[in-house]
Amino acid sequence: LTLSVPALRHREMARAARGNVFLDGTLTREDLALKLGCSPDEIMVVRQKIPATPNLEVIQVGDVGRLGMQRGGDQMKRTGALSRFFREDDASTRVLDFKNFEADGAWWRDSRGVNDFLSVKTLVLIGTPCRNLFDLGAEFAIVSGRFAADDDPEFAAFVHRTVLSEIHQAIGRLRAHRRSGEALRVVLVSNIEMDIPVRHVKAKDLTIE
């Protein structure tokens, strides 16, 4: 039995201050408001001007499924074939996947805050980096004050934002804005609906394997 209860120390500190500055690359106004227990309208968002990165192409292979931590044998064969295809096409290719699958890096451990891929031109992201849904459900209940029903659109949006933030962090590992003279690409192997322009391709159009 796991009981999740709110730890309100940081929320109370924020409320006691005259003003707060939160620095985060992917946290949304809506999710910060949930954590603080306030209205999103009380939060002013200040963004750095994002430089254009025409040197970076984001490709999505969406017909292999969600690719969570539980995968069938056919999915393992298909993701393996895709990894081999990109490694043969570009020797610098590195693959990020969940840590229990063989890859060059793991979601969460290597997809945030690291500069280990500055010599990589092709980064393959396999899977949908979604935390355990019971864990997310407990967090949502704590920050929102209510439990989510199975078809709760607010909880679904909360989960979707959480996953997208992880993918955006991983895409940023190539530091494309610092490498304007190089042709770079990120390949996302997942059927998640993205919120940025991507080039959709089918797995068979890359490799018939």
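- The cationic group of R71 lies under 6.0 Å from the six-membered ring centre of F101 and within 45° of the ring axis, placing it in a cation-pi geometry.
- No single ILVMFWY cluster, assembled from side-chain heavy atoms under 4.5 Å apart, contains both L27 and F140.
- Looking only at distances, no side-chain donor or acceptor of H177 sits under 3.5 Å from a matching main-chain atom of G172.
- With hydrophobic clusters built from ILVMFWY side chains whose heavy atoms lie under 4.5 angstrom apart, V189 does not share a cluster with F98.
- Salt bridge annotation for R131-E166: absent, with no cationic side-chain nitrogen under 4.0 angstrom from a carboxylate oxygen.
- Although no hydrogens or angles enter the test, the distance criterion places a donor-acceptor pair under 3.5 Å between the side chain of R11 and the main chain of K35.
- Taking the charged nitrogens against the carboxylate oxygens, R146 and D152 do have a contact shorter than 4.0 Å, which makes a salt bridge.
- V124 and V61 fall within a single hydrophobic cluster, where Ile, Leu, Val, Met, Phe, Trp and Tyr side chains are chained together by heavy-atom contacts under 4.5 Å.
- With 3.5 Å as the limit, one finds no donor-acceptor pair spanning the side chains of R179 and N55.
- For F22, the CZ atom sits in a packed shell: over 12 heavy atoms of surrounding residues, nucleotides or ligands are nearer than 6.0 Å.
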Show the numbers, then the answer: is there a side-chain contact (heavy atoms from CB on, under 4.5 Å) between C130 and L136? CA-CA 9 Å; C130 183; L136 285 169; 3.9 Å; yes

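- F117 and V95 are assigned to two separate hydrophobic clusters, defined by single-linkage of ILVMFWY side chains at heavy-atom distances under 4.5 Å.
- In this structure, V198 is a member of the same hydrophobic cluster as L96, with clusters built from ILVMFWY side-chain heavy atoms closer than 4.5 Å.
- A side-chain donor-acceptor contact under 3.5 Å links D195 and H168.
- Between R161 and D31, at least one side-chain N (NZ, or NE/NH1/NH2) sits under 4.0 Å from a carboxylate O, which counts as a salt bridge.
- No salt bridge links E209 with K204; every basic N to acidic carboxylate O contact stays at or beyond 4.0 Å.
- Residues D74 and M76 have side chains not in contact (no heavy-atom distance under 4.5 Å, counting atoms from C-beta outward).
- The residues D104 and R87 are annotated as salt-bridged, a charged nitrogen and a carboxylate oxygen being separated by less than 4.0 angstrom.
- R185 and T122 are linked by a side-chain donor-acceptor pair at a separation below 3.5 angstrom, with hydrogens and angles left out of the test.
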